[in-house]
Each structure stands twice: as structure tokens, then as C-alpha cells.
Protein chains: 2
Amino acid sequence: METIGQILRNKRQALGLLLRQVSAYVDIDQAILSKIERNERKPTKEMLVKLAEILKLDKDELLVQFISDKIAYEIVDEDCASKALKVAEKKIKYLKSHPIQN
Amino acid sequence: METIGQILRNKRQALGLLLRQVSAYVDIDQAILSKIERNERKPTKEMLVKLAEILKLDKDELLVQFISDKIAYEIVDEDCASKALKVAEKKIKYLKSHPIQN
DNA sequence: TATTACTTGACAATAAGTGTCAAATATAGT
DNA sequence: ACTATATTTGACACTTATTGTCAAGTAATA
């Protein structure tokens with residue numbers, strides 16, 4: 001199972017790009033990118049979009065990885081994690097079909 | 001579809017309890033409880049446990065509602081929300097079966 | 001050993017979440 | 001309408017998380 005950091009690092013190296021080059025494109029300090037690639041920090045969505053661009057990765061697929069990483073990390077320690085995910089899916093479907101709230 | 005706030009409020013009123021009484025038991029300001037019941041703030045886990053006690057709600061079920069609410073709220077605006085949840089579930093299963101990380 | 005790539009940690013800046021309080025509003029009884 | 005009680009709202013301080021910046025560190029290679 002590949003983490004988002006691994007995906008980014010693998011692709012960057014496959015393209016022969018340096019941290020310096022990618023971080024310049026994304027407009028972040030290369031220290032941050034280094035940490036992102038080692039899953040020590042999470043990218044923002046803006047970073048993700050730019051990263052997808054320069055690394056020629058599918059933006060939507062990367063976003064799925066990003067969000068799922070965040071959720072998984074957030075609730076992996078809960079006994080009811082799996083059940084909560086199922087309920088969350090129902091809630092989201094409900095919310096999307098009833099857009100007016102508050 | 002009931003939010004966690006609605007669940008708490010409905011049950012509190014069904015039991016004929018006042019915000020003041022419940023918040024005293026949970027040891028929080030009643031303003032906070034008021035906001036929790038209107039989904040303006042999220043309870044902490046500790047609050048949830050105490051709330052389950054005094055409101056005679058199932059602790060685990062409430063926790064599922066709590067976590068699923070948090071996730072749903074977090075990603076409802078994403079087009080790929082549903083897909084991300086599925087991937088998250090796989091990641092969690094993977095993480096649980098490979099407990100040693102880092 | 002000099003150079004380049006990457007990593008690490010300390011620190012400041014910013015944002016997000018929390019608790020407290022008092023005033024405002026609502027609700028119901030008289 | 002008046003009172004009392006319940007709830008809501010918003011301002012604020014306080015704490016905690018997140019984020020960016022930087023310089024010094026390590027690692028690998030020529």
C-alpha cells in the first residue's frame with residue numbers, strides 16, 4: 001500500500017526531478033516537500049494540485065489519496081472505524097441530496 | 001437523517017433534562033452544550049462519554065455518529081468523497097493488519 | 001574534500017479549536 | 001405586560017495545531 005508521500009517521491013524520482021525543482025514550481029520550501037514525501041507533513045490542496053501538474057499525476061486520483069490518507073490516519077485507532085465510514089458515506093449521500101441546510 | 005446534535009437534544013428533552021443539568025454533569029459551560037446540540041461545535045470524546053451516560057445513550061453508537069459526522073462534514077464538498085471513503089477503508093484495514101509502522 | 005541533494009530541528013507566524021462570561025432572546029406562567 | 005426560567009449569541013482570552021522559514025546537519029558521489 002503506497003502512501004501519498006511515496007507516490008510523490010517515486011514519481012519525482014522517476015522523472016529525474018530534484019526536490020529543489022519541484023518545490024520551486026509548487027512555491028514551497030524544499031524542506032516542506034521533503035517532509036511531505038516522508039509523510040511527516042500533509043500537503044495542502046493547493047500544493048497537491050501543483051504537484052499533480054509538475055509530476056504528471058492524475059489530480060483527482062491524487063486527491064483521493066490525500067483525502068483517504070487523512071481520514072485513515074484520523075480514525076485508524078478507533079474500534080468502530082469501519083462502521084463509522086459506512087455511516088459517513090450515508091450521511092454524505094444524504095447531505096448531497098439535501099443541499100440546503102441551516 | 002439525524003445529526004449528533006439532534007440526537008443529543010432529542011434525548012435530553014425526552015428525558016426532561018435542562019441544558020443546565022446536563023452541562024453540569026458533563027462539566028462544561030451550558031453555552032457549549034447548546035452549541036453542540038445545534039452542531040455549532042463538536043463535542044470532545046470525553047464529553048461524548050459523559051453525555052452517553054447521563055442521556056442513557058449507547059456510547060459506541062454515539063461514537064460512531066460522532067466520527068461519521070466529523071468525516072462527512074470534512075469531505076462532503078469533495079466530488080470524490082465516496083471514492084475516498086472506500087480507499088480510506090482499505091488503508092485502515094491495511095494499517096490494522098500491519099501494526100508496526102515508522 | 002568539495003559539491004550537491006536531502007533531512008532535521010528550532011523557531012516564529014498563523015490559524016483553528018476551546019472555555020468563559022454576560023447580554024440578548026425566547027418561552028411559559030401569572 | 002411582568003416575571004422567571006431556559007436557551008442562544010457573540011465577544012474575548014487561552015490553548016493547541018498547523019504552517020512556513022531558516023540554518024545547520026547528514027549522506028552520497030565525483
Side-chain angles (χ1 to χ4, degrees), chain A residues 2-51 54-55 62-63 65-78 101-102, chain B residues 2-51 54-55 62-63 65-78 101-102:
Chain A
E2 234 179 350
T3 65
I4 197 165
Q6 289 167 334
I7 292 171
L8 295 172
R9 169 147 297 183
N10 288 344
K11 196 65 195 292
R12 176 175 65 80
Q13 292 177 336
L15 293 173
L17 294 170
L18 301 177
L19 277 182
R20 165 163 47 85
Q21 299 172 307
V22 174
S23 64
Y25 182 85
V26 180
D27 193 27
I28 56 175
D29 193 295
Q30 76 168 21
I32 293 179
L33 182 55
S34 169
K35 285 169 188 170
I36 289 172
E37 288 188 346
R38 285 169 298 106
N39 298 299
E40 198 180 304
R41 286 218 188 169
K42 289 171 199 166
T44 65
K45 239 181 178 179
E46 292 70 37
M47 293 178 194
L48 219 58
V49 172
K50 299 288 276 179
L51 286 168
I54 193 174
L55 297 178
L62 206 53
L63 191 57
Q65 293 300 326
F66 171 68
I67 297 171
S68 61
D69 254 31
K70 203 161 63 161
I71 294 172
Y73 174 80
E74 198 170 300
I75 68 171
V76 64
D77 291 329
E78 303 289 350
Q101 335 160 357
N102 271 354
Chain B
E2 239 179 348
T3 65
I4 196 163
Q6 289 168 332
I7 292 171
L8 294 172
R9 169 147 297 184
N10 289 344
K11 196 66 194 292
R12 175 174 66 81
Q13 291 178 336
L15 293 173
L17 294 170
L18 302 177
L19 278 181
R20 166 161 48 83
Q21 300 172 306
V22 173
S23 62
Y25 182 85
V26 180
D27 193 27
I28 56 175
D29 193 295
Q30 76 169 22
I32 293 179
L33 183 54
S34 169
K35 286 168 187 170
I36 288 172
E37 288 188 345
R38 287 169 297 107
N39 299 299
E40 198 181 304
R41 287 218 188 170
K42 291 171 198 166
T44 66
K45 242 182 180 179
E46 291 70 37
M47 292 178 195
L48 218 58
V49 172
K50 298 288 277 176
L51 286 168
I54 193 175
L55 297 178
L62 206 54
L63 189 58
Q65 293 298 327
F66 170 68
I67 297 170
S68 60
D69 254 31
K70 203 161 63 161
I71 293 172
Y73 174 80
E74 200 171 298
I75 67 171
V76 64
D77 292 328
E78 305 289 350
Q101 333 160 1
N102 271 355

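Residue numbers start from 1 in every chain, and the chains themselves are labelled A, B, ... in the order their sequence lines are given, proteins ahead of strands.
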[X] to [Y] - nearest heavy-atom pair and separation:
X: A:P43; Y: A:L48; value: CG-CD1, 3.6 Å
X: A:I7; Y: A:E2; value: CG1-OE1, 3.5 Å
X: A:M47; Y: A:I32; value: CE-CG2, 4.5 Å
X: B:L19; Y: B:R12; value: N-NH1, 3.3 Å

Task: Nucleotides bounding contact with chain A, strand DNA chain C, heavy-atom threshold 4.0 Å - done: C:dA5 to C:dG9
- [ ] Using whole Å, report how far CD of A:E46 lies from P of D:dT18.
- [x] 16 Å
TODO: Measure the distance from OH on A:Y73 to P on D:dA17 and round it to the nearest whole Å.
DONE: 11 Å
Open item on the list: My understanding is that only one of A:I54, A:I28, A:I36, A:D29 makes a side-chain contact (heavy atoms from CB on, under 4.5 Å) with A:S23; could you say which?
Closed with: A:I28
Interface polar pairs with nucleotides 4-10 of chain D, N/O, under 3.5 angstrom:
| residue | atom | partner | partner atom | Å |
| --- | --- | --- | --- | --- |
| D:dA6 | OP1 | B:R20 | NH2 | 2.8 |
| D:dA6 | OP2 | B:R20 | NH2 | 2.3 |
| D:dT7 | OP1 | B:R12 | NH1 | 3.0 |
| D:dT7 | OP2 | B:L19 | N | 2.9 |
| D:dT8 | OP1 | B:R9 | NH1 | 2.6 |
| D:dT8 | OP1 | B:R9 | NH2 | 3.4 |
| D:dT8 | OP2 | B:R9 | NH2 | 2.6 |
| D:dT8 | OP2 | B:S34 | OG | 2.7 |
| D:dT9 | OP2 | B:R38 | NH1 | 2.4 |
| D:dG10 | N7 | B:K35 | NZ | 3.3 |
| D:dG10 | O6 | B:K35 | NZ | 3.1 |

Task: B:Q6 side-chain N/O to B:T3 backbone N/O, donor-acceptor pair under 3.5 Å - done: yes
Open item on the list: For B:I75, is there any backbone N or O sitting under 3.5 Å from a side-chain donor or acceptor partner on B:E78?
Closed with: no
Open item on the list: If you count heavy atoms of other groups shown closer than 6.0 angstrom to OH of A:Y25, is the number above 12?
Closed with: yes
